[in-house]
Asks: 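Before we start, here is the structure in question, set down as structure tokens.
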There are 2 protein chains.
Amino acid sequence: MVTIKDIAKLAGVSPSTVSRVVSNHPRISLDTSRKVKQIMDELGYHPNMMAKSLVSKTTNTLAILLPRPAEELFQNDFFGELLRGILTQANRAGYDMLLTTATGEHDEIETVSRLVRGRRVDGVILLSSRVNDPIVAFLASSDFPFVLIGRSESHPDVLSINNDNKQAAYDATQHLIAQGHERIGFVSGPANLTVSNDRLQGYRQALEAYKLPIRSDWTVEGEFLQESGYRAMSLIMSLPERPTALVVIDDVVAFGVLRGLTELGYKVPDDISLVSFNNISLSELATPPISSIDIGTYQLGYTAAQTLIRAINEETIHQKQIIIPHRLMVRESSLTPIKRG
Amino acid sequence: MVTIKDIAKLAGVSPSTVSRVVSNHPRISLDTSRKVKQIMDELGYHPNMMAKSLVSKTTNTLAILLPRPAEELFQNDFFGELLRGILTQANRAGYDMLLTTATGEHDEIETVSRLVRGRRVDGVILLSSRVNDPIVAFLASSDFPFVLIGRSESHPDVLSINNDNKQAAYDATQHLIAQGHERIGFVSGPANLTVSNDRLQGYRQALEAYKLPIRSDWTVEGEFLQESGYRAMSLIMSLPERPTALVVIDDVVAFGVLRGLTELGYKVPDDISLVSFNNISLSELATPPISSIDIGTYQLGYTAAQTLIRAINEETIHQKQIIIPHRLMVRESSLTPIKRG
DNA sequence: ACAGCTTGTGCAAACGTTTTTACAAAGGTG
DNA sequence: CACCTTTGTAAAAACGTTTGCACAAGCTGT
């Protein structure tokens, strides 16, 4: 391995001079700089990042922490889009990304602790909308730069990027109401996630605002998986009184819903209308194309990275809870007027 | 920051003893070990990874390098699944993953050079099927542990994980032939990728074997994007003589094909049958579900990580070119017997 | 011509580990 | 009980950087 000392020796200067050439120190003469740079090129020198990090106490690396079992996450296009946003901004700012997943409760803290206390990374992007997330608690108490993508009930004040999920669900529901629906159900995600609860709440508020019935048997809780949506249909559609429209927590779940409905012989949107969330690229390719709330996934990631880097550089961040705007993409799954009865 | 010296001082031992406690050195007395560990717990000590890496010359980090513009890749579910496989195995073996993308030609080499020569990572997983990839050339010449997911024409001997794409395409085509098709087209990817060429070749060999016509206007080159498949349809379906079946390079492209065909008023599989590749989770949710070659994406990633770690540990690897088996998943898009004419 | 500034470079300490060498104490052997 | 082996610990060098301090040489202005 070629080190700064090798370069120094060959160039006839001291290691410190070489170091200063590398970091463009202003007080290096053009002559020396040229000479040293030429030798660096010849030997193919690259600074040892570990040594650099050790003394500078900075790694130019961000961790992205995915607390849920990876299995579940990666099936969702949402995740790729988020990652793309994060990577784009991180790379632009000269940061590398460490991708980490952790499963068990204890494991989680251990992993993040290792990265944070071990000075492996300069900051953490945490993807979590758990009502009460121990990792958030840990990070908040350790005053290490981090940003939360999502919302934590127990720690509402941490730096975070999120959507106005309540409003988004309100909008989605209102849209269905505007199409003439009066019997609207909700296919939700896990109850310990703020994203589920916020959306559920928005849905309920819309129903209330329009004086429509809120029936608890029309709300089904599940996971962010196709299978969940599929199973929800056998539940809901076996009820004596069925909804004519559904708000679905996530596109992938909506695919399952669609499959379930199709198998049960229902047509979308003729028998049942559908609106879901996240607007992944395939939602417009479904048959029929699915109406979905675009939550600005790319921007969510992009902004998270950007904000984190600001925090690392100790810039003052005026708005600690950043909301990315959403937008309802109306497609065929919610367009045909309903048949009553 | 709490260091090994702080622990040493409090425990009344030397720093080296603390280090040995951390690394479970056999010659440490149970007494000392317990005492030191207790103090470590109290102070919340975690070893500084940078310092550790500097002396051990090892980072316990793998880089995954995605040379293509991230945009294109992340839209494809294939990528998430691959990542999942890599992460699972890497984490299991105690490695962190650095996720890197690079776009420009020069940029690419610079990025990988920085990581490799800067001793930032212990090994590289490169996702590339470019016929002639400068990064492969660089890595091969620098004798740094790396594994290629894909195949390089110019460097066939490097450690690599791949599918038998030729055979897979042969199988796909043969399946269509078995369904009675005699006029079969091919929607391909970029011509500078071995994956495109291999599949194209397998497709052609199958046609030859069954003495069916190979018509060059039934082969359309494109990208790994929906849009590509969509555009290919306006080309192919405007020909005076049209195929009755298509082999499509990738599921996402197949979604575009499906959309194109639907818009042009063709029914799948009644008018046109479809078989594609990669078997992403949504291919069975399309309408109709798309027949696809499962290439064992998860296993591709898992094996890549596993093999790379072996290479890092300097185990001898007997099989340098590893082939992950594929399997045709027959679904509705290729099942109905054709209408001739 | 001399004090004072500017410019360019070197020395050496520091970052937090690991690991080699050394050595004292304890245990085993004849 | 003298010797050898084993066990447990400490001291110090090394890993490859950065950076504060020092200082020589070249300028500037009076």
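Protein chains get the first letters and strands the later ones, always in sequence-line order, with residue 1 at the start of each.
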Asks: What is the distance, to the nearest angstrom, from the CZ atom on B/Arg34 to the P atom on D/dT9?
Replies: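 It is 12 Å, rounded to the nearest whole Å.
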
Asks: Expressed in angstrom and rounded to an integer, what is the separation of B/Ile4 atom CD1 from D/dA12 atom P?
Replies: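 It works out to 17 Å between those atoms.
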
Asks: Output the distance between atom CG (B/Leu62) and atom CG (B/Asp96), rounded to the nearest 0.5 Å.
Replies: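 If we round to the nearest 0.5 Å, B/Leu62:CG and B/Asp96:CG are 9.5 Å apart.
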
Asks: Would you say B/Ser14 places a side-chain N or O within less than 4.0 Å of OP1 or OP2 belonging to D/dA11?
Replies: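 The answer is no; no side-chain N or O of B/Ser14 sits under 4.0 Å from OP1 or OP2.
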
Asks: Nearest-Å distance, CZ (A/Arg20) to P (C/dT9)?
Replies: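 Rounding to the nearest Å, CZ of A/Arg20 and P of C/dT9 are 9 Å apart.
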
Asks: Given atom CG of B/Asn48 and atom C1' of C/dT18, what is their separation to the nearest angstrom?
Replies: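 Between C1' of C/dT18 and CG of B/Asn48: 13 Å.
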
Asks: When you measure from the side chain of A/Val55, which nucleotide among D/dT17, C/dT17, C/dC11 comes out closest?
Replies: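 Looking only at side-chain atoms, A/Val55 lies closest to D/dT17.
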
Asks: Report the distance from atom NE2 of A/His25 to atom C1' of D/dT18, rounded to the nearest whole Å.
Replies: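 For the pair A/His25 NE2 and D/dT18 C1', the rounded distance is 11 Å.
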
Asks: With no hydrogens and no angle check, do the side chains of B/Ser14 and B/Ser16 hold a donor and an acceptor under 3.5 Å apart?
Replies: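 A donor-acceptor contact under 3.5 Å links the two side chains.
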
Asks: Expressed in angstrom and rounded to an integer, what is the separation of A/Ile28 atom CD1 from C/dG8 atom P?
Replies: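 Distance check: A/Ile28 CD1 to C/dG8 P gives 8 Å.
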
Asks: Enter the distance from B/Ser53:OG to A/Met49:CE here, rounded to the nearest 0.5 Å.
Replies: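 Reported to 0.5 Å precision, the distance equals 12.5 Å.
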
Asks: What does B/Val22 touch in the nucleic acid at a heavy-atom separation under 4.0 angstrom: a base, only the sugar-phosphate, or nothing?
Replies: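 The residue B/Val22 makes no contact with any strand.
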
Asks: Does D/dT18 have OP1 or OP2 sitting under 4.0 Å from an N or O in the side chain of A/Ser56?
Replies: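 No, outside the criterion.
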
Asks: Heavy atoms under 4.0 Å, any strand shown: does B/Gly118 hit a base, just sugar-phosphate, or nothing?
Replies: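 Nothing, no nucleic acid heavy atom in range.
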
Asks: Looking at B/Thr3, does any N or O in its side chain come under 4.0 Å of the phosphate oxygens OP1/OP2 on C/dG16?
Replies: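 For C/dG16, OP1/OP2 do not have a side-chain N/O of B/Thr3 under 4.0 Å.
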
Asks: Which residue lies toward the 5' end of DNA chain C, B/Met1 or A/Thr32, if each is placed at its nearest nucleotide?
Replies: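 Mapping each residue to its closest nucleotide by heavy atoms, the 5'-most match is A/Thr32.
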
Asks: Can you check whether B/Ser29 has a side-chain N or O nearer than 4.0 Å to OP1 or OP2 of D/dT9?
Replies: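 Yes.
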
Asks: Given that B/Leu54 and B/Gly12 both sit by DNA chain D, which one's nearest nucleotide is further toward the 5' end?
Replies: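 The residue mapped nearer the 5' terminus is B/Gly12.
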
Asks: Could you check which of C/dG8, D/dT17, C/dT17 has an atom nearest any side-chain atom of A/Arg27?
Replies: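 So the side chain of A/Arg27 is nearest to C/dG8.
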
Asks: Assess whether one donor atom and one acceptor atom, taken from the side chain of A/Ser16 and the base of C/dC11, lie less than 3.5 Å apart.
Replies: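 Check passes, donor-acceptor contact within cut-off.
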
Asks: Could you check how far NZ of B/Lys9 sits from C1' of C/dT17, rounded to whole Å?
Replies: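 In whole Å, C/dT17 C1' and B/Lys9 NZ are 16 Å from each other.
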
Asks: At what distance, to the nearest 0.5 angstrom, does CG of A/Leu66 lie from CD1 of A/Ile125?
Replies: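 Here the rounded value is 10.0 Å.
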
Asks: Looking at D/dT17, D/dA10, C/dC11, which one has an atom nearest to any side-chain atom of A/Lys5?
Replies: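 The answer is D/dT17.
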
Asks: From CE of B/Met50 over to C1' of D/dC15, roughly how many Å is that when rounded to an integer?
Replies: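 After rounding, the reported distance stands at 14 Å.
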
Asks: Rounded to the nearest 0.5 Å, how far apart are CG of B/Asp157 and NZ of B/Lys320?
Replies: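 If we round to the nearest 0.5 Å, B/Asp157:CG and B/Lys320:NZ are 7.0 Å apart.
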
Asks: Crowded around B/Glu315 CD? As in, over 12 foreign heavy atoms under 6.0 Å?
Replies: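 More than 12 heavy atoms, drawn from other residues, nucleotides or ligands, come within 6.0 Å of this atom.
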
Asks: Side chain of A/Thr17 only, heavy atoms from C-beta on: which candidate in D/dC15, C/dC15, C/dT9 is closest?
Replies: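 The listed nucleotide nearest to A/Thr17's side chain is C/dT9.
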
